[in-house]
Enquirer: 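Quick one: this structure, given as structure tokens, is what I'll be asking you about.
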Amino acid sequence: MPEGPEVESVRLELLQLTSQKVKKITLTPLSQKYPKYLGKEDEFSQFRGQELRNIHRFNKFLIWEFEKKPVILNHLGMSGRWTIVDTKEEISTKTTHPKVIVEMSKPPYAIFDDTRNFGQFRIFSSMEAVKLYPPIKKLGIDGLTKVFPLQDFVERIAEQRFQNRQIGDLLMDPRLVAGIGNIYKAEILFEAKIHPERIISTLTQEETVFLGKSISKILLKAFYDKGSSFDARYKLPSGEGGQAQRWHMVYQRIDQPCGECGSLIKKLIQKNRSTYFCPKCQH
DNA sequence: GAAAGATCCTGACAGC
DNA sequence: TGCTGTCAGGATCTTT
């Protein structure tokens, strides 16, 4: 499942496409019935001949920037995956639900494969327009920043609007910290030794600071391991998988012994999402 | 405006 | 073997 570290790892591999000109961007017939794939053939034709300048990441969104104004917003959803192939023939053998085909002036091709159709691929008039898009405009701190702004985090989490939230729920809210999904939420709370149902207003200053440090530590560690691959669903464009799942302490480890105290890992449902935790280590 | 809950969607897996 | 039900989860929409 692509969270911040996975999306950033994908972005770095896709950067190999930059400095090339676009030959063609095609939304396949498979994408047509899903409203988050917006744009007709003639709209994507405006990118022909344009150089791909950069690919940015805001939270889990990828923004493709070209030499002229329109940009493309892309979200991997829960099963979206970019695959780099050298020949058109490989599209059918290496993908199962291809939604978008990006052809550059020379191979390789980049194919966006989205099994569960939660992904997004649409045109925005400009980078400024993307920054005004509410899910991006309202983003909080980027959790993958190399020097995590701890003081900013402490001030933000103290805002009145967050005080009655449960920490397991709030960590998934990108208005506080962007880039955290369900997997790393559980790992961050284990690292910080905080129970997922703790109410924000009950956190001590010391716990809040340690939580901020834990967010940064877990997200960067996951990024350096290129994310978590539990199965074939998350892979990098090169086909390589991530390695972060090797050090998970609680996620999907229900009824297995805690690596620190030996107690059995428990699961609870919070806002319709599974949360894993150690009942002894986390308070 | 904020919070909570529902919805989208398909593949994997468990249970019968 | 084959069918049915459950689960997974990020963003977004609807309801409260």
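Values below: all heavy atoms of this structure, side chains included; hydrogens, waters and symmetry mates excluded. Chain A is the first sequence line, chain B the second, and so forth, proteins listed ahead of strands; every chain is numbered from 1.
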Enquirer: Quick one: label Asp173(A) by what it contacts on the DNA or RNA (base, sugar-phosphate, nothing), any heavy atom closer than 4.0 Å.
Expert: nothing
Enquirer: Considering heavy-atom distances to DNA chain B, does Arg175(A) or Asn272(A) have its closest nucleotide positioned more toward the 5' end?
Expert: Arg175(A)
Enquirer: Of the residues in residues 157-166 of chain A, which ones touch DNA chain C at a heavy-atom distance under 4.0 Å?
Expert: none
Enquirer: Does the side chain of Glu206(A) pick up a donor-acceptor pair with the side chain of Thr204(A) at under 3.5 Å?
Expert: no
Enquirer: Taking only the side-chain nitrogens and oxygens of Tyr34(A), find out if one of them lies under 4.0 Å from OP1 or OP2 of dT12(C).
Expert: no
Enquirer: Taking the inter-plane angle between the rings of His248(A) and Tyr251(A) on a 0 to 90° scale, is it parallel (under 30°), tilted (30 to 60°) or perpendicular (over 60°)?
Expert: perpendicular
Enquirer: Side-chain atoms of residues 258-270 of chain A: list all donor-acceptor pairs with protein atoms under 3.5 Å, sequence neighbours left out, distances to 0.1 Å.
Expert:
{"residue": "Glu260(A)", "atom": "OE1", "partner": "Lys193(A)", "partner atom": "NZ", "Å": "3.4"}
{"residue": "Gln270(A)", "atom": "OE1", "partner": "Thr275(A)", "partner atom": "OG1", "Å": "3.3"}
{"residue": "Gln270(A)", "atom": "NE2", "partner": "Gln166(A)", "partner atom": "OE1", "Å": "2.6"}
{"residue": "Gln270(A)", "atom": "NE2", "partner": "Pro196(A)", "partner atom": "O", "Å": "2.8"}

Enquirer: For DNA chain B, whose closest nucleotide is more 5', that of Arg273(A) or that of Lys138(A)?
Expert: Lys138(A)
Enquirer: Any salt bridge linking Asp169(A) with Lys271(A)? Criterion: basic side-chain nitrogen under 4.0 Å from a carboxylate oxygen.
Expert: yes
Enquirer: Closer than 4.0 Å, any side-chain N/O of Lys267(A) to the OP1 or OP2 of dA8(C)?
Expert: yes
Enquirer: Any salt bridge linking Glu240(A) with Lys226(A)? Criterion: basic side-chain nitrogen under 4.0 Å from a carboxylate oxygen.
Expert: yes
Enquirer: Could you check how far NZ of Lys271(A) sits from C1' of dG10(C), rounded to whole Å?
Expert: 13 Å
Enquirer: Sorted by first residue and then second, give each salt bridge (charged side-chain N to carboxylate O under 4.0 Å, His left out) pair with at least one member in residues 138-148 of chain A; sequence neighbours left out.
Expert: Arg57(A)-Asp142(A)
Enquirer: What contact category does Tyr276(A) fall into here, base, sugar-phosphate, or nothing, at under 4.0 angstrom with non-hydrogen atoms?
Expert: sugar-phosphate
